[in-house]
Amino acid sequence: MKLTFYGVRGSIPTPGKDFIRYGGNTACAHLSLADGTDIIFDAGTGIRLLGQELIKKDTPVYILLSHNHWDHIQGFPFFAPIYQEGRPILIYPGQTNAPEYDQILKQMSGSVFPVPASALTSDIQLISLPQSQESFTISSAKVCRIPMNHPGKGSAFSVEDDGKKVVYVTDNELYPPYKKETDFLTFVEFCRDADLLIHDAQYMLSDMPAKSGWGHSVAEEAVKLAMACNAKRLALYSHDPERTDNDIDHVVAHCREYIKLTQLPIDVFAASEGQTIAL
Ligand SMILES: [Zn+2]
């Protein structure tokens, strides 16, 4: 498997000179299976550039949506393969409180977007699984999902293939002040032995308590999860839109101090646009 980040920013795109190294596009990551199958986590603005690569193919595209917040779907109307005649696009909506499976298409309507979803020439299929369904397969991969702690809820996903495991968890608040959908120890089991854990790390302890309940995790909590689940790598993800490249460097340095104290062999880094991890 090969994972490439196309968008790593939370909430809103952040162009500008202080956001160049990590990138300003919102959530999107591309997982290429050994057999060439294309799986995409989220359809934030990063998916536009990914579309320019995938339009060279005609094979099915699988999109795993965490939830429908705008920063996770707003790139979809600019994803070139949706305009490709007959191209199979299979969308797996997240487990949201309101089961609005078609929100990603509904944004292309009315006065919001000039091209209605009904005019798309690709073969778009919404895979509306029962809310309670925890696993399914895509090609040779086993995909599991679990509800996240986030306003309106959503899904975390794990993909296992060829003896490797990638886990994508955003937007998720590991210790929310509201009723949890999933508790920490259940996340530990879900993420167990991940070769790559991608986890929401939008905040630092210094952001609290002001942002408690906003649906995102503190970076130190993501580190704690990586340590508890025996992850090999931790990608800090969903960077705060106010956090510059230099700020993110500080977050990484801070997290590496924690890891060093434990002497666990975990590679922790901040996800950056264009970064590819071979697994
Ligand atoms: Zn969200």
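In listed order, ligands and their atoms are each counted from 1.
Residue D71 does not count as close to the Zn ion (ligand 1), with no N, O or S atom under 2.8 Å. Within the coordination shell of the Zn ion (ligand 1), defined by N, O or S atoms under 2.8 Å, H69 is present.
Residues N246 and T244 bring no donor and acceptor atom of their side chains to less than 3.5 Å of each other.
Among K56, K57, K2, the single residue meeting the salt bridge (Lys or Arg N to Asp or Glu O under 4.0 Å) criterion with D38 is K57.
The N, O or S atom of D171 with the smallest distance to the Zn ion (ligand 1) is OD2.
Here the angle centred on the Zn ion (ligand 1), running from NE2 of H150 over to NE2 of H67, is 100°, rounded to 10°.
Side-chain contact between M208 and Y203 is present, with heavy atoms from C-beta onward closer than 4.5 Å.
Around the NZ atom of K260, the shell of radius 6.0 Å holds no more than 12 heavy atoms that belong to other residues, nucleotides or ligands.
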